[in-house]
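Structure, as structure tokens:
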Amino acid sequence: QVQLVESGGGLVQPGGSLRLSCAASGSIFRIYTMGWYRQAPGKQRELCATITAGGNINYADSVKGRFTISRDNAKNTIYLQMNSLKPEDTAVYYCNADVEKVYGTRTVDAWGQGTLVTVSS
């Protein structure tokens with residue numbers, strides 16, 4: 001099994017900042033792309049940002065310039081630094097990882113349980 005554990009969510013005022021973390025553990029040989037997704041109430045889950053093992057990064061237009069994704073491959077951990085937060089950033093944020101559990105086998109798509117971010121005054 002692969003476990004992804006997110007942390008760092010909470011309540012923040014508009015314009016504020018939060019830093020999310022996601023640590024992967026369990027049966028892991030290699031992790032390829034990792035990313036952050038979010039789901040607001042009544043809406044579909046959407047991409048925020050992804051980062052490959054080599055450090056290639058992709059951002060959704062809605063967070064570009066405000067959010068920064070980073071990765072520590074030695075710790076199987078990714079981070080999401082969120083600045084200039086807006087009420088519309090309120091959502092449950094999920095961590096995702098494309099994991100090769102055993103060398104040479106098909107990768108699995110792992111998800112965390114989510115962490116709630118609320119942006120409100």
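Quick note: numbers below take in every heavy atom, side chains included, and nothing from hydrogens, waters or symmetry partners. Remember, it's a predicted structure, so these values are computed and weren't measured experimentally.
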| query | For M34 and C95, which heavy atoms make the closest approach, and how far apart are they? | reply | CE-SG, 4.4 Å
| request: Please step through side chain to side chain contact (heavy atoms under 4.5 Å, CB included) for the pair W36 and C22, ending with a clear verdict. | output: CA-CA 9 Å; W36 290 98; C22 170; 3.6 Å; yes
| message | Who clusters with Y79? Use side-chain heavy atoms, under 4.5 angstrom, across I, L, V, M, F, W and Y, and order the result by chain and number. | response | none
| Does the side chain of R38 reach to within under 4.5 Å of the side chain of S62, using non-hydrogen atoms? | yes
| Any chance CD of Q1 has more than 12 other-residue heavy atoms, nucleotides or ligands included, within less than 6.0 Å? | no
| So do the side chains of T50 and Y37 get within less than 4.5 Å of each other, counting heavy atoms only? | yes
| Taking all atoms of both residues into account, what is the closest heavy-atom pair of A40 and T90, and its distance? | CB-O, 3.6 Å
| Tell me, do V12 and M82 make a side-chain contact under 4.5 Å, heavy atoms counted? | no
| 4.5 Å side-chain heavy-atom contact, V2 and W111 | no
| task | Check whether any side-chain N or O of N96 sits under 3.5 Å from a backbone N or O of A110 as a donor-acceptor pair, and report yes or no. | result | yes
| field | Polar side-chain atom of N76 near backbone of I31 as donor-acceptor pair, under 3.5 Å | value | no
| task | Look at the aromatic rings of F29 and Y103 and report parallel, tilted or perpendicular, splitting at 30° and 60°. | result | perpendicular
| Short N-O contact, K86 and D89, less than 4.0 angstrom | no
| Can any side-chain N or O of Q113 pair as donor or acceptor with the backbone N or O of V5 at less than 3.5 Å? | no
| For the student: nearest non-hydrogen atoms of T68 and Y59, plus distance | CA-OH, 3.3 Å
| Among T33, T52, T107, which residue meets the side-chain hydrogen bond (donor to acceptor under 3.5 Å, both in side chains) test with D98? | T107
| task | Answer whether the closest heavy-atom distance between the side chains of V117 and L20 falls below 4.5 Å. | result | yes
| request: Using modelled atom types only, decide if a donor and an acceptor are shared between the side chain of R66 and the backbone of S84 within a distance under 3.5 Å. | output: yes
| With a 4.5 Å limit on heavy-atom distance, are the side chains of T115 and S7 in contact? | no
| field | Under the ring pair (Phe, Tyr, Trp, His ring centres under 6.0 Å) test, residues paired with Y32 that sit two or more places apart | value | none
| Under 3.5 Å donor-acceptor, E6 side chain and G114 backbone | yes
